[in-house]
Amino acid sequence: MEQAYLFVHFKEKATPDGEQVYFAVSRDGFTWQAINGGQPVLWSFLGEKGVRDMTITTMPDGTSIIVATDLSLAYNLWGKYQGQWPNIVRGGSKQLALWRSNDLVHWGAQEMIAFPDADFGCLWAPDILYMQDRDAYLLHWTSSVSADGFMKQAIYGSVTRDF
């Protein structure tokens, strides 16, 4: 089996295709080859219909998951957010997007991770850490909260076994 690095990313563009999931591979970590002819591998059709800040991990059972910020500036910057960062911090990315795969080629339908008991502003830059001693994952992200008027960004986390 050949091994390679997988780069999961978005392209910061003013059009919706830039806020989707792209893959590139490299054998040496320096020279990268775009997958799928440079077109998105996964499209976000839920939430804000745009994603960014992806993270990917492979679980002990072999399932790979991608978690991403659910935010589309291409669709919403000048409408919903009126071009204002404070509006994005308060109203953007209320959930995180998630995809699952058993082989990194075929991906399941997009799912959304919600945090219904918290009043977060924009949830962004998620990351996943596996805690082997607990056989669980720490999903952490940055957000603001309504308790301080969405004034400060902080790191929050949630522990899960199955997302």
Side-chain angles (χ1 to χ4, degrees), residues 6-24 34-36 38-59 63-130 136-163:
L6 176 64
F7 179 40
V8 180
H9 64 97
F10 73 105
K11 296 179 179 181
E12 183 73 51
K13 293 173 33 177
T15 55
D17 63 321
E19 296 175 320
Q20 305 305 325
V21 181
Y22 291 81
F23 287 177
I35 299 296
N36 198 32
Q39 297 302 308
V41 173
L42 297 170
W43 277 82
S44 175
F45 294 110
L46 302 176
E48 292 213 356
K49 298 182 175 73
V51 290
R52 32 182 76 229
D53 311 323
M54 296 86 187
T55 187
I56 184 169
T57 194
T58 301
M59 301 165 70
T63 302
S64 295
I65 61 169
I66 294 173
V67 177
T69 301
D70 171 42
L71 182 65
S72 177
L73 299 183
Y75 284 124
N76 298 312
L77 181 60
W78 299 109
K80 179 179 177 180
Y81 301 126
Q82 302 171 350
Q84 301 292 316
W85 178 248
N87 295 340
I88 296 168
V89 170
R90 284 181 173 81
S93 192
K94 295 295 189 174
Q95 303 176 78
L96 297 172
L98 177 135
W99 288 270
R100 301 173 197 260
S101 173
N102 293 321
D103 60 8
L104 296 174
V105 175
H106 303 94
W107 291 85
Q110 179 182 0
E111 302 172 47
M112 300 302 285
I113 301 171
F115 300 91
D117 297 335
D119 195 5
F120 290 112
C122 189
L123 294 99
W124 58 280
D127 199 13
I128 304 165
L129 300 171
Y130 179 61
Y137 299 86
L138 172 62
L139 173 63
H140 63 95
W141 66 92
T142 300
S143 187
S144 58
V145 292
S146 64
D148 69 359
F150 302 101
M151 297 303 293
K152 298 177 186 171
Q153 298 283 323
I155 298 173
Y156 295 90
S158 181
V159 175
T160 182
R161 286 195 164 81
D162 60 6
F163 294 91

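- Counting all heavy atoms, side chain and backbone alike, Met54 lies closest to Phe10 at CE-CB, 3.6 Å.
- Counting all heavy atoms, side chain and backbone alike, Leu96 lies closest to Thr69 at CD2-CA, 4.2 Å.
- Closest approach of Leu42 and Trp107 over heavy atoms only: CD2-CB, 3.5 Å.
- Residue-environment remark: NZ (Lys13) exceeds the threshold of 12 foreign heavy atoms within 6.0 Å.
- Trp99 is listed as a side-chain neighbour of Val51, based on a closest heavy-atom distance under 4.5 Å.
- Checked by atom type and distance alone, the side chain of Thr58 never pairs as donor or acceptor with a backbone atom of Ser64 at under 3.5 Å.
- Not one N or O on the side chain of Gln20 forms a donor-acceptor pair closer than 3.5 Å with the backbone of Lys11.
- The side-chain heavy atoms of Ile88 and Leu77, taken from C-beta on, include a pair separated by under 4.5 Å.
- A tilted orientation is assigned to the rings of Phe163 and Tyr137, their planes being inclined by 30° to 60°.
- No side-chain heavy atom of Phe150 sits under 4.5 Å from any side-chain heavy atom of Cys122.
- Of all non-hydrogen atoms in Tyr81 and Gly92, the two that sit nearest each other are OH-CA, 2.9 Å.
- Here the closest heavy-atom approach between residue Leu139 and residue Pro126 is recorded as CD1-CB, 4.2 Å.
- At distances below 3.5 Å, at least one donor-acceptor pair connects side-chain atoms of Asp70 with backbone N or O atoms of Glu48.
- Between Leu123 atom CG and Ile113 atom CD1 the span is 10.0 Å, to the nearest 0.5 Å.
- With rounding to the nearest 0.5 Å, the separation of CH2 in Trp141 from CD1 in Ile128 is 11.5 Å.
- Each of Phe115, Trp124, Phe120 was evaluated against Tyr156; a single residue qualifies, Phe120, per the ring pair (Phe, Tyr, Trp, His ring centres under 6.0 Å) test.
- Heavy-atom contacts from other residues, nucleotides or ligands closer than 6.0 Å to CE of Met112 number more than 12.
- Remark: Leu138 CG to Ser158 OG distance equals 8.0 Å, nearest 0.5 Å.
- For the atom pair CZ (Phe23) and CD (Gln39), the distance works out to 14.5 Å, reported to the nearest 0.5 Å.
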Check step by step if side-chain contact (heavy atoms from CB on, under 4.5 Å) holds for Trp43 and Asp17.
CA-CA 8 Å; Trp43 277 82; Asp17 63 321; 3.7 Å; yes
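- The backbone N or O of Gly38 sits nowhere less than 3.5 Å from a side-chain atom of Asn36 that would complete a donor-acceptor pair.
- Heavy-atom minimum distance, Gln95 versus Ala114: OE1-CB, 3.8 Å.
- Side-chain contact annotation: Glu19 with Ser72, donor-acceptor N/O pair under 3.5 Å present.
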Starting from the C-alpha separation in whole Å, work towards a yes-or-no answer on side chain to side chain donor-acceptor pair (under 3.5 Å) for Gln110 and Ser44.
CA-CA 7 Å; Gln110 179 182 0; Ser44 175; 3.1 Å; yes
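- Between atom CE of residue Met59 and atom CZ of residue Arg100 there is a gap of 6.5 Å, rounded to the nearest 0.5 Å.
- Atoms CG and CD, from Asp148 and Gln153 in turn, are 9.5 Å apart once rounded to the nearest 0.5 Å.
- Under the 3.5 Å distance criterion, with hydrogens and angles disregarded, no donor-acceptor pair is assigned to the side chains of Thr55 and Asp53.
- Val145 is not listed as a side-chain neighbour of Asp119, based on a closest heavy-atom distance of 4.5 Å or more.
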